[in-house]
Number of protein chains: 2
Amino acid sequence: MINAPRLVDEPSSVVRRLSSLASLDAAAHDLLDAAAADAYLLRPRQEMLSEGRAVDTPLILLDGWAARVRVLVDGRRQIVSLLLPGDVIGVSELPDPVSTSTIIALTAVRVCSAPPCGASPALDLAYAVSRAHDEAYLLAQVTRLGRMNAQERIMDLLLELYERLGLAGLVRDRGFDVPLTQETMSDALGLTPVHVNRMLQAARKAEELTWTGKRITLANPVRSASELGRVPLRVRADIAKTAAA
Amino acid sequence: MINAPRLVDEPSSVVRRLSSLASLDAAAHDLLDAAAADAYLLRPRQEMLSEGRAVDTPLILLDGWAARVRVLVDGRRQIVSLLLPGDVIGVSELPDPVSTSTIIALTAVRVCSAPPCGASPALDLAYAVSRAHDEAYLLAQVTRLGRMNAQERIMDLLLELYERLGLAGLVRDRGFDVPLTQETMSDALGLTPVHVNRMLQAARKAEELTWTGKRITLANPVRSASELGRVPLRVRADIAKTAAA
DNA sequence: CGTGACATTGATCTCGCTCAAGCTTGGTGG
DNA sequence: CCACCAAGCTTGAGCGAGATCAATGTCACG
């Protein structure tokens, strides 16, 4: 569709996402552009990182979706978290880190290695905020699986995707592309595919969402969010505010 | 230096835990001793950190147990993770961090503020490893809640406690003190207290564990672990090995 | 015009929840 | 020293959300 990515007119998901986490200066932009120039493609189902294997280089997910997966001995599979365009993977302040989970591409995926820490203070901050977000999403995943019923899990996850894709500039008109099968969703939600299907139908009948092709549109994200008690994610004190006081 | 708490004879849980994560030099020990000198006590149920509130200072849990908790609008409660003696709380590389979860003391608790990052390289490494562990335990919690049944969840959590308390030197003879009520466990496991009770009875009948008073003893941790497919946690490449090669 | 991946539907089962009641125990005050 | 009481543990009966098993439908693609 889009061939030459003209960063000025149409900023990439990474740039949009990281900019919304921390303001990026020109140096940071240059580093990201340079990194993105060495992007490469992965096929769906391809492993990007293997549990127990050393992490050679942190990655940036430029395009496509991936998932952190844990598999039990008998084959049960749990998607620990979803990785969306613009997400940063495996940046760690730990030397010689070893991956604690397997990461597989859910779709065709375009990645590049992330500019290393220390090269740009603005970028380092963005990484730190990004990691704080990741952790918050993990906490959300825990409470989803531990204390929500099937309907709530589905809507809560979709709202999280809505929020996260929004940061990357991938939401338009309360709608966004979700290249997931119902089976993949069930692995993320700790449910069976059959039950996910039925609950989705119920949600459609209740006119909470539409899901045609690969695009989901939420009828009323604000209302749904407040019903679930979701609050906007905040990981840093607002310095502007506190400085002004 | 070594008067009241005789670190040589009986190292504290923090020192034992952090030492097993990264070898601490004399400077790191001194920093920890100094920090521990300013310890203070908290009562059970007291909030140590509130969701959405700024984190003033990272803490070290010297004694007692705490929990990161998420509460839904209608009161459902999920314990996201358990915090054990020796655990480090809220160390973040992010400036002006805001807590993404509430932390409450489960027992009487003794804490002190953690020596800041940058003061000791050895300590910084220990912090980094500690944080990597925390993340791994979160992943484990997600797969527990998402894909394990009640029996498996209970044993898996107990094995994690066994492993973690072992690092802090708090396991003796396959037994360890667990100051949890069954209700608290149920909040960590995403189950009801009634069901936790029944599954515990089943586990006792199957002679997998004993739980008398506050002390749990696992009959055969190694066998239980292999049945669940648990593998020892590893977050760093073994430098000794790679360096030797 | 197969063929394979995914969505949908139905029937049945079961694990874990709910509600409700006893039971045990340790602490507290009279 | 005992009576009492609140927490927590145990037990029972019944129910229901979600799992399981097994087809069938649909659609894109070679």
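Reminder, nothing fancy here: chain letters follow the sequence lines and each chain counts from 1.
Residues A:E227 and A:R223 are paired through a salt bridge, judged by an N-O separation under 4.0 Å between the basic side chain and the carboxylate. Salt bridge annotation for A:R76-B:E152: present, with a cationic side-chain nitrogen under 4.0 angstrom from a carboxylate oxygen. A salt bridge links A:R70 to A:E51: at least one charged side-chain nitrogen sits closer than 4.0 Å to a carboxylate oxygen.
Here C:dG16 presents its C1' atom at 16 Å from CE of B:M185, a figure rounded to the nearest Å. Counting to the nearest Å, the P atom of C:dT8 and the CG atom of A:L191 are 16 Å from each other. Atom P of nucleotide C:dT8 and atom CE of A:M199 are separated by 13 Å, given to the nearest angstrom. Taking atom CZ of A:R45 as the reference point, atom P of C:dG4 lies 15 Å away to the nearest angstrom. What separates CE of B:M148 from C1' of C:dC15 is a distance of 17 Å, to the nearest Å. Nucleotide C:dT14 holds its C1' atom 14 Å from the CD atom of B:Q151, rounded to whole Å. Distance, B:Q201 CD to C:dT24 C1': 14 Å, rounded to whole Å. Between the NE2 atom of A:H195 and the C1' atom of C:dT14 there is a distance of 14 Å, given to the nearest Å.
B:R147 contributes a side-chain N or O that, together with a main-chain N or O of A:L191, makes up a donor-acceptor pair within less than 3.5 Å.
A:T192 comes within contact range of at least one nucleobase, with a heavy-atom separation under 4.0 Å. Looking at heavy-atom distances under 4.0 Å, B:R204 makes contact with sugar-phosphate atoms alone, never a base.
Looking at which nucleotide of DNA chain C each of A:T181 and B:A150 is closest to, the 5′-most match is held by A:T181. Nearest-nucleotide assignment on DNA chain C puts the 5′-proximal partner with A:W211, out of A:W211 and B:N149.
At least one side-chain heavy atom of A:L170 sits under 4.5 Å from a side-chain heavy atom of A:S13.
Heavy atoms from other residues, nucleotides or ligands lying under 6.0 Å from CG of A:D74 number more than 12.
Residue A:Q182 places none of its side-chain N or O atoms closer than 4.0 Å to OP1 or OP2 of C:dA5.
Of the candidate nucleotides C:dC17, C:dA20, C:dT9, C:dA20 has the atom lying nearest to any side-chain atom of B:V194. With distances taken from any side-chain atom of A:R198 to the nucleotides C:dT8, C:dA11, C:dC19, the minimum falls on C:dA11.
Think of the region where chain B sits on DNA chain D: with heavy atoms and a 4.0 Å cut, that region ends 5' and 3' at D:dG8 to D:dA13.
Side-chain contact, B:R204 with B:Q201: no donor N or O sits under 3.5 Å from an acceptor N or O.
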